[in-house]
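Data block below; observations after.
Chain naming here is simple, since letters A, B, ... match the order of the sequence lines and numbering starts at 1 in each. Every heavy atom of this structure was used, including side-chain atoms; hydrogens, water molecules and symmetry mates were not.
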Amino acid sequence: MAEKKRKQRAKELAKEFGYLPYMTERYLALWGEEETLSFLEACEIAPKTAIRINSLKMPIEQTVRRMKRKGIALKRVPWLEEGFTADFGDRTPGSLFEHLFGHYYVQGVPSMTVVKALDPQKGEVVMDLASAPGGKTTHISQLMENTGTVFSIELDRLRMRSLVNNIQRCGVTNAIALRGDARKLDGLGVAPDRILLDAPCSGEGLIPLDPARKRSKTMADIRYCATRQDELLDSVIKTLAPGGVLVYSTCSIAPEENEYVIDSILGKHPEMKIIQIDQEFGVPGYTQPYGVSLDVSLSQSRRFLPHIHGLEGFFICKMRKEGDR
Amino acid sequence: MSLEIVSQLDWQMVTEVVDQEFGEGVTKTLRGRLMPVSKKSKKGISYYLVSSDWMRFLQNKFTDFEPAHLGRRFGDIVEGRFRFSLSMLDELKDVTPNHLVVSGKGAEAFTYGRSILKESVVEVAPGLSREQRVVVLNKHGDCLGLASLTVDSERIGRLGPDRLVAKNLADIGWYIRNE
Ligand SMILES: C[S@@+](CC[C@H](N)C(=O)[O-])C[C@H]1O[C@@H](n2cnc3c(N)ncnc32)[C@H](O)[C@@H]1O
């Protein structure tokens, strides 16, 4: 589509669906007319509620039985033993006693998938950065069966409170929760086996859950996020043990916060290589977004997209640092 | 807000307070092979139990970071009194006989922060006196929180349905009220 024509079409779509025009213009450049339309339409539908059953408190099957008895319809996510979509009927997902007991955590399917991709092992030292309110920290501890150590690092004082609450509610006992800036990891003197950076982002993948996001962020916000993501990754890569694994994720569909950021990191840090994620889900990351050629190994990263998967948009990239552990 | 390994003397003090309320040897059982660590704040002292393997991390003092939680939170001393953390109650219930079981309706009210009335009591451990702290459970044995009896347990049977029986000290509804 010629630029002028695209701008015009972007304006029309922005008006029709209630977006800022710079957004629809990017979608048209990225996907073309047909896919953009299907994305915009999919974003009008909220994804199903999902929960992760917390085996630290009770065996999964037991909680499933208990919830079914209470009339909650559960359906397992194919690639996640502990993940279920859930129909709570007219009840809110947080209102059951089982939630207070820590038997489950209300969490989107892509968020659970991130931790599955990280694949933390028993006894390891793992860091979860930008960690509040703790959906991923508590999941990491679950997969490690409360062994080893999980450093859970968050900057925001208020969000820290939710993190600590969730750690305690879910029966996590292998976590050290620290408040501070994940760009300053040097002083900790820890070289983790695995790091998860679920980076602060513009949230452009969350439009199906939060329609206000259609108009709340500018291109400058996206650029600001990308700069911070780059700084966080620099800090992470320095800290990660040789041979260690890094998973980078965002709840944004913007290539500017995902493939572009990783492409620049691969350029700066030849010791980092993208590796395959074992689970089958999503679609490959983009190697030519907006016609810009990026590192071809980005096709091993994965994306969740509202119009393809009926879920919130997410980006997940798994990397390994050169060297022996 | 610095972290400190708790001295033997300080831990002895915690042990005495806890054991006196919940039974001889309770602290030792709950602690197992873990190492007690304390954190002072404006509100009081919080105690955590951590693996002794974490000495290597603690020695580094977490430069540039402020510890908010580590291992399992054991409890706090606030205004001179020890109080168990909510997350220890699951284990505490297995090592102390001081239980108070409440009805479904009572469980709802209690986890909204209310105290316990006679009509909600399904069962209470015998021989407990007023001010005794008890673990509050529902009929399935799930832990709901901690309460302090306002009457001797032997007298509860004689009270009218709307009489206060136990004061809410902490309940799991706090996890979401405090978000
Ligand atoms: C996408 S949210 C994380 C969600 C979390 N991983 C979970 O699964 O529950 C991003 C978080 O990053 C935090 N954050 C932003 N900048 C940070 C920094 N420099 N260091 C640590 N945390 C930061 C924000 O306060 C926010 O809580």
> With respect to chain B, which residue among A:T149, A:V150, A:N146 yields the maximal number of heavy-atom pairs within a distance under 4.5 Å?
Replying inline: A:T149
>> If you define the side chain from C-beta out and look only at heavy atoms, does anything of B:E66 sit under 4.5 Å from A:R157?
In response: yes
>> Once rounded to the nearest 0.5 Å, what's the spacing between atom CG of B:L86 and atom CD of A:Q168?
In response: 7.0 Å
> What do you reckon, is CD of B:Q20 surrounded by more than 12 foreign heavy atoms closer than 6.0 Å?
Replying inline: no
> Which atoms of B:Q59 come close to chain A, meaning under 4.5 Å heavy atom to heavy atom: side chain ones, backbone ones, both, or neither?
Replying inline: neither
>> So if I apply the side chain to side chain contact (heavy atoms under 4.5 Å, CB included) rule between B:H69 and each of A:I176, A:L178, A:V164, which one comes out positive?
In response: A:V164
>> When you compare the side chain of A:F151 with that of B:F62, does any pair of heavy atoms fall below 4.5 Å?
In response: yes
>> Heavy-atom cut-off 4.5 Å, strictly under: side chain, backbone, both or neither for B:T111 against chain A?
In response: side chain
> Do you know which two heavy atoms are closest between A:G187 and B:T63, and how far apart they sit?
Replying inline: O-OG1, 3.5 Å
> If you count the non-hydrogen atoms of other residues, nucleotides and ligands that lie under 6.0 Å from CZ in A:R91, is the total more than 12?
Replying inline: yes
> In terms of heavy-atom pairs under 4.5 Å with chain B, which of A:T173, A:L163, A:V190, A:V125 leads?
Replying inline: A:T173
>> Which atoms of B:D90 are under 4.5 Å from chain A, going by heavy atoms: the side chain, the backbone, both sets, or neither?
In response: side chain
> Does atom CD of A:Q121 have more than 12 heavy-atom neighbours from other groups under 6.0 Å away?
Replying inline: yes
> Does atom NZ of A:K184 have more than 12 heavy-atom neighbours, drawn from other residues, nucleotides or ligands, at distances under 6.0 Å?
Replying inline: no
>> Non-hydrogen contacts under 4.5 angstrom with chain A: give the residues of residues 131-169 of chain B involved, or none if there are none.
In response: B:N138, B:D142, B:C143, B:L144
> What is the minimum heavy-atom distance between B:N60 and A:L188, and which atoms define it?
Replying inline: ND2-O, 3.3 Å
> Which pair of heavy atoms, one from A:D181 and one from B:F65, lies closest together, and at what distance?
Replying inline: O-CZ, 3.3 Å
>> Any heavy-atom pair between the side chains of A:H99 and B:I176 that's under 4.5 Å?
In response: yes
> Residues two or more places apart in sequence or in another chain: which of them pass side chain to side chain contact (heavy atoms under 4.5 Å, CB included) with A:C170?
Replying inline: A:N54, A:Y105, A:T138, A:V172
> Between A:L158, A:L100, A:N166, A:I167, which has the largest tally of heavy atom pairs under 4.5 Å with chain B?
Replying inline: A:L100
> What are the two closest heavy atoms between B:Y175 and A:N165, and how far apart are they?
Replying inline: O-ND2, 3.3 Å
> Is A:K48 atom NZ crowded by more than 12 heavy atoms from other residues, nucleotides or ligands, each under 6.0 Å away?
Replying inline: no
> What part of B:Y48 gets closer than 4.5 Å to chain A, counting heavy atoms only: side chain, backbone, both or neither?
Replying inline: neither
